[in-house]
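Comments concern the structure below.
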Amino acid sequence: MNPSVKKALKIILPILLGLFLIWYSYNMTSAEDRREIIKYIREANLFWVGISVLIGIMSHISRAIRWNYLLEPLGHAPRLRNNILIILMAYFANLGIPRSGEVLRATALATYEGVPFQKGFGTIVTERVIDLIMLFIVIVIALFSQTEIILEFLSEKGIGFTASALLLLGGILWLFIFRAFLKLSDSKLALKLRGIIRGLLEGVLSIFKMKRKWAFIGHTIFIWGAYFAMFWVIKYTVPETLGLSAGELLVAFVAGAFAMTATPGGLGLYPLAVSKSLTLFGISEVSGDAFGWIMWIAQTLMVVFFGAISFLLLPLWNRNK
């Protein structure tokens with residue numbers, strides 16, 4: 001297949017999937033339920049929506065500060081204002097073209113702060129690895145905090161404790177086989193994978209060599225705490241979700257996090273994933289859908305509004321560049 005066609009498909013297919021899921025959700029919901037969902041969205045308490053957006057902005061500012069901790073050992077100290085604008089632009093770009101924001105971030109940093117593209121992109125890859133580790137930690141916390149509910153759900157789907165244990169053992173066995181393949185094989189694939197993993201490990205371990213490693217770790221915890229907090233406060237916008245505990249919401253948060261990676265900005269899939277997760281805890285699909293859509297609309301509008309402003313302000317504030 002032509003490389004240009006492949007690239008186009010990588011961009012178009014996730015968007016089409018998101019649009020299909022919106023169409024599917026719409027057609028699978030009765031007219032009465034749709035009216036109820038729209039009512040919840042219209043009557044959502046704007047105070048809590050605003051708090052969620054404010055927390056989201058704080059997480060972006062924290063990410064901009066943290067980015068400088070990675071750039072400092074490389075001999076660069078970009079202006080915080082530029083870092084914030086570049087990050088907001090990148091999130092905005094990712095809504096249209098998945099993963100284009102990472103390239104845009106490195107390009108903008110090179111243009112306005114003189115940081116070589118390769119170095120800037122390397123710090124962004126390190127960030128992503130750290131975020132992946134944090135997501136894994138959140139998943140583990142969610143599993144341990146809601147083990148009984150999750151096992152009950154799996155049992156209802158025909159997956160009992162024995163099957164779950166076998167799946168877990170199978171996953172562990174696969175990891176051992178994969179490790180052995182990387183260590184013993186001299187194939188091109190194994191060599192390439194070894195190089196990628198070595199680079200990722202070096203990126204992660206470089207954190208412990210930086211001067212402000214504890215500040216970096218503190219900002220990382222704050223960023224992910226803010227992600228969950230902006231999700232948690234949305235429960236106050238839907239009456240039925242008011243009684244949900246932090247552990248229950250954490251399961252829906254994880255489902256939403258996976259949805260964000262499957263389609264651009266979680267288009268179509270995010271509200272559906274959040275809603276299905278909340279039904280595990282006795283929340284009706286109508287209330288779950290309303291929760292998911294309120295959260296998705298609020299954060300998407302935030303990214304679009306501040307991202308568009310950043311596209312305008314960055315070149316204006318850096319006219320000499």
Side-chain angles (χ1 to χ4, degrees), residues 10 14 56 59-60 62-71 73 83 86-87 90-91 93-95 97-106 109 118-145 150 167-168 171-172 174-176 178-179 181-182 189 192-210 213-231 249-267 269-270 273-274 277 299 303:
K10 284 182 179 179
S59 74
H60 294 319
S62 181
R63 185 176 287 275
I65 295 170
R66 191 185 70 167
W67 196 11
N68 268 357
Y69 297 155
L70 287 171
L71 291 164
N83 275 8
I86 289 169
I87 285 170
Y91 276 96
N94 279 336
L95 289 179
I97 304 175
R99 300 304 167 204
S100 64
E102 282 73 9
V103 177
L104 178 62
R105 272 179 72 178
L109 194 67
Q118 292 84 352
K119 288 185 177 181
F121 193 75
T123 61
I124 295 164
V125 171
T126 301
E127 269 195 358
R128 291 305 180 200
V129 174
I130 298 301
D131 287 337
L132 188 63
I133 292 170
M134 288 301 296
L135 177 59
F136 176 75
I137 292 170
V138 171
I139 292 168
V140 171
I141 294 170
L143 287 173
F144 276 101
S145 67
I150 292 169
L167 284 172
L168 180 61
I172 294 170
W174 181 87
L175 285 175
F176 275 109
F178 180 67
R179 186 174 180 274
F181 168 73
L182 291 178
L189 177 61
K192 186 177 180 180
L193 288 172
R194 278 205 294 266
I196 293 170
I197 292 170
R198 192 180 298 114
L200 293 177
L201 286 174
E202 285 175 2
V204 174
L205 293 175
S206 67
I207 294 167
F208 298 98
K209 298 175 184 177
M210 66 174 66
K213 55 178 174 290
W214 293 114
F216 181 94
I217 293 169
H219 275 283
T220 300
I221 294 170
F222 174 82
I223 289 165
W224 278 84
Y227 286 166
F228 178 65
M230 60 199 279
F231 185 88
L249 283 167
L250 196 60
V251 174
F253 172 78
V254 169
F258 278 111
M260 293 294 282
T261 63
T263 60
L267 178 67
L269 185 57
Y270 184 90
V274 169
S277 301
Q299 298 309 314
V303 170

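All residue numbers refer to positions in the sequence shown, counting from 1. As a basis for the values below, the full set of heavy atoms in this structure was taken, side chains included, without hydrogen atoms, waters or symmetry mates.
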List in chain and number order the residues that pass side-chain hydrogen bond (donor to acceptor under 3.5 Å, both in side chains) with T123, two or more places apart in sequence or in another chain; answer none if no residue qualifies. W67
Would you mind writing out the side-chain donor-acceptor pairs for residues 133-141 within the sub-3.5 Å range, not counting sequence neighbours?
none

Over all atoms of both residues, closest heavy-atom pair of R66 and I130: NH1-CG2, 4.1 Å
I want to check something: taking the side chain as every heavy atom from C-beta on, are E102 and V125 in contact at a cut-off of under 4.5 Å? no
Distance-minimising heavy-atom pair for S277 and V251: OG-O, 4.2 Å
Sequence neighbours excluded, which residues qualify as side-chain hydrogen bond (donor to acceptor under 3.5 Å, both in side chains) partners of Y227? R63, Y91
For H219, which residues count as a side-chain hydrogen bond (donor to acceptor under 3.5 Å, both in side chains) partner, sequence neighbours excluded? S62
Going by heavy atoms in the side chains, are L109 and N83 under 4.5 Å from each other? yes
The criterion is side-chain hydrogen bond (donor to acceptor under 3.5 Å, both in side chains); which residues satisfy it with S59, sequence neighbours excluded? none
Walk me through it: do L71 and N68 pass the test side-chain contact (heavy atoms from CB on, under 4.5 Å)? CA-CA 5 Å; L71 291 164; N68 268 357; 3.9 Å; yes
Sequence-distant partners of A262, side-chain contact (heavy atoms from CB on, under 4.5 Å), two or more places apart: L269
Rounded to the nearest 0.5 angstrom, the CG-OG1 distance for L95 and T263 is 10.0 Å
What heavy-atom pair brings G101 and N94 nearest, and what distance separates the two atoms? N-OD1, 2.8 Å
Residues which pass side-chain contact (heavy atoms from CB on, under 4.5 Å) with T261, listed by chain and number, not counting sequence neighbours: R99
Roughly how far, to the nearest 0.5 Å, is OG1 of T220 from CG of D131? 7.5 Å
Just jot down the ring pair (Phe, Tyr, Trp, His ring centres under 6.0 Å) partners of F231, sequence neighbours excluded, or say none. F253, F291
Of all the heavy-atom pairs spanning R105 and A90, show the shortest one and how long it is. CG-CB, 3.3 Å
Please name all residues satisfying side-chain contact (heavy atoms from CB on, under 4.5 Å) with A229, sequence neighbours left out, ordered by chain then number. I55
Closest non-hydrogen atom pair, F121 against A106: N-CB, 3.8 Å
Smallest heavy-atom separation, A215 atom then Y69 atom, equals CB-CE1, 3.6 Å
